[in-house]
*Asks:* 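Once you've had a glance at the structure underneath, I'll fire off some questions.
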Amino acid sequence: MLRIGNGYDVHRLVAGRRLIVGGVEIPYDKGLQGHSDADVLVHSIMDALLGASGEKDIGHLFPDDDKSYKNISSLLLLERVYSVIGEKGFSIVNIDSIIAAQAPKMAPYLDTMKKNIAKVLNTEEALINIKATTTEGLGFVGKGKGIEAYAVCLLEKS
């Protein structure tokens with residue numbers, strides 16, 4: 001059985017936070033606001049995986065009023081999501097994702113993001129695809145107010 005899931009996440013850019021995307025700390029004068037490290041890419045991937053496996057979203061699994069998740073690495077949360085889908089008998093066929101950010105440029109970090117995510121998901125890097133784009137100055141992303149990410153995944157149940 002094959003199942004498709006999609007995920008989306010968005011966070012506001014604010015001063016005084018580190019910018020973490022795909023498990024990579026990116027030098028920038030702002031970071032993403034959130035309860036955890038606010039890694040939009042990893043959050044969108046987690047929601048895609050959970051959706052494909054028939055689970056609720058990351059807000060149910062990792063509530064933002066639970067102090068144990070305060071500033072936690074989203075890669076650790078992704079590891080837990082991977083366990084959830086594995087316990088249900090699912091394996092990853094592929095993941096495709098897009099980061100939308102006007103700045104900073106994501107391209108120099110995409111390979112490292114891919115390595116980080118593939119390692120946590122115990123899968124080949126070739127099965128993980130990450131792209132980045134701007135919004136050509138349009139909307140809140142284009143105005144530099146936030147970063148968003150989209151992901152889709154295909155899971156197979158053994």
*Asks:* To the nearest 0.5 Å, tell me how far Leu61 CG sits from Leu50 CG.
*Replies:*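 So the CG of Leu61 and the CG of Leu50 are separated by 6.0 Å.
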
*Asks:* Between the main-chain N or O of Ile58 and the side-chain N or O of Asp47, is there a donor-acceptor pair closer than 3.5 Å?
*Replies:* yes

*Asks:* Given 3.5 Å as the limit, does a donor-acceptor pair link the side chain of Arg17 with the main chain of Leu32, or not?
*Replies:* yes

*Asks:* With a 4.5 Å cut-off on side-chain heavy-atom distances among I, L, V, M, F, W and Y, is there a chain of contacts connecting Val152 to Val81?
*Replies:*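 No; tracing contacts between hydrophobic side chains, which count when under 4.5 Å, never links both residues.
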
*Asks:* Would you give the length of the straight line joining atom CG of Leu75 to atom CG of Asn116, rounded to the nearest 0.5 angstrom?
*Replies:* 5.5 Å

*Asks:* Can you sort out the partners of Ser74 under side chain to side chain donor-acceptor pair (under 3.5 Å), two or more places apart, ordered by chain and number?
*Replies:*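 For Ser74, the residues satisfying side chain to side chain donor-acceptor pair (under 3.5 Å) (neighbours in sequence not counted) are Asp37, His43.
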
*Asks:* Kindly give the heavy-atom pair with the smallest separation between Gly22 and Val42, and that separation in Å.
*Replies:*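 What the structure gives for the nearest pair is CA-CG2, 4.0 Å.
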
*Asks:* Is there a side chain to side chain contact (heavy atoms under 4.5 Å, CB included) between Lys30 and Val14 once you walk through the steps?
*Replies:* CA-CA 5 Å; Lys30 296 178 183 172; Val14 296; 5.9 Å; no

*Asks:* Please say yes or no: joined through hydrophobic side-chain contacts below 4.5 Å, possibly via intermediate residues, are Leu155 and Leu127 part of one cluster?
*Replies:* no

*Asks:* Could you check if a side-chain atom of Phe140 sits within less than 4.5 angstrom of a side-chain atom of Val10, using non-hydrogen atoms only?
*Replies:* yes

*Asks:* Does a side-chain heavy-atom distance below 4.5 Å link Phe62 with Met46?
*Replies:*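 Yes, close enough: below the 4.5 Å cut-off.
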
*Asks:* Quick one: is the NZ or CZ of Lys157 closer than 6.0 Å to the six-membered ring centre of Phe90, and within 45° of its axis?
*Replies:*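 Positive - Lys157 is close enough to the ring of Phe90 and near enough to its axis.
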
*Asks:* Can you name the closest pair of heavy atoms from Val120 and Tyr82 and give their distance?
*Replies:* O-CD2, 3.9 Å

*Asks:* Using side-chain heavy atoms (C-beta onward) and a distance below 4.5 Å, is Cys153 in contact with Ile92?
*Replies:* no

*Asks:* Around atom CD of Glu25, are there more than 12 heavy atoms of other residues, nucleotides or ligands at under 6.0 Å?
*Replies:*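 Above 12, so yes.
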
*Asks:* Run the side chain to side chain contact (heavy atoms under 4.5 Å, CB included) check on Val21 and Met106 step by step: do they pass?
*Replies:* CA-CA 9 Å; Val21 181; Met106 297 288 152; 4.2 Å; yes

*Asks:* Checking the side chain of Ser44 only, and the main-chain atoms of Tyr8 only, is there a donor and an acceptor separated by less than 3.5 Å?
*Replies:* no

*Asks:* How many angstroms lie between CG in Leu41 and CD1 in Ile20, if you round to the nearest 0.5 Å?
*Replies:* 12.5 Å

*Asks:* Distance from Ile72 atom CD1 to Asp39 atom CG, nearest 0.5 Å?
*Replies:*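 Rounded to the nearest 0.5 Å, the CD1-CG separation comes out at 12.5 Å.
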
*Asks:* Which atom names give the shortest non-hydrogen contact between Met113 and Ile26, and what distance separates them?
*Replies:*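 It is CE-CD1, 3.9 Å.
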
*Asks:* Hey, any chance Val84 and Ile117 share a hydrophobic cluster, counting ILVMFWY side chains that come within less than 4.5 Å of each other, even indirectly?
*Replies:* yes

*Asks:* If you count the non-hydrogen atoms of other residues, nucleotides and ligands that lie under 6.0 Å from NZ in Lys131, is the total more than 12?
*Replies:*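 Yes.
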
*Asks:* Using a strict threshold of under 4.0 Å (side-chain N to carboxylate O), is an ion pair present between Lys88 and Glu55?
*Replies:* yes

*Asks:* Can you name the nearest heavy-atom pair linking Tyr69 to Pro63, along with the distance?
*Replies:*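 Minimum heavy-atom separation between Tyr69 and Pro63: CD1-O, 3.6 Å.
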
*Asks:* Whether the side chain of Gln102 engages the backbone of Gly137 through a donor-acceptor N/O pair (distance < 3.5 Å, no angle test) should be reported.
*Replies:* yes

*Asks:* Begin from the C-alpha positions of Asn71 and Arg18 and carry the test side chain to side chain donor-acceptor pair (under 3.5 Å) through to its verdict.
*Replies:* CA-CA 10 Å; Asn71 295 320; Arg18 298 179 309 145; over 6 Å; no

*Asks:* Report the distance from atom CG of Leu121 to atom OG of Ser91, rounding to the nearest 0.5 Å.
*Replies:* 11.5 Å

*Asks:* With side chain to side chain contact (heavy atoms under 4.5 Å, CB included) as the test, would you mind laying out the steps for Leu49 and Leu78 before giving the verdict?
*Replies:* CA-CA 9 Å; Leu49 293 168; Leu78 180 61; 3.9 Å; yes

*Asks:* What's the shortest heavy-atom distance between Leu13 and Ala103, and which atoms?
*Replies:*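 Scanning both residues, the minimum pair turns out to be CD1-O, 4.4 Å.
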
*Asks:* Could you go through the salt bridge (Lys or Arg N to Asp or Glu O under 4.0 Å) check for Lys114 and Glu125 one step at a time?
*Replies:* CA-CA 6 Å; Lys114 184 186 230 185; Glu125 288 179 38; 5.7 Å; no

*Asks:* Using a 3.5 Å distance criterion without hydrogens, assess whether the side chain of Ser36 forms a donor-acceptor pair with backbone atoms of Lys70.
*Replies:* no

*Asks:* Begin with the C-alpha distance, continue with both residues' side-chain angles, and end with the deciding distance and a verdict on side chain to side chain contact (heavy atoms under 4.5 Å, CB included) for His11 and Ile147.
*Replies:* CA-CA 6 Å; His11 286 277; Ile147 296 176; over 6 Å; no

*Asks:* Would you kindly confirm whether Val24 and Ile45 end up in one hydrophobic cluster when ILVMFWY residues are joined by side chain heavy atoms under 4.5 Å apart?
*Replies:*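 Result: yes, single cluster for both.
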
*Asks:* So if you build clusters from Ile, Leu, Val, Met, Phe, Trp, Tyr with side-chain heavy-atom gaps below 4.5 Å, do Ile98 and Tyr109 land together?
*Replies:*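 Ile98 and Tyr109: separate clusters.
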
*Asks:* With rounding to the nearest 0.5 angstrom, report the CG to CG distance, Asp96 to Asn129.
*Replies:* 4.5 Å

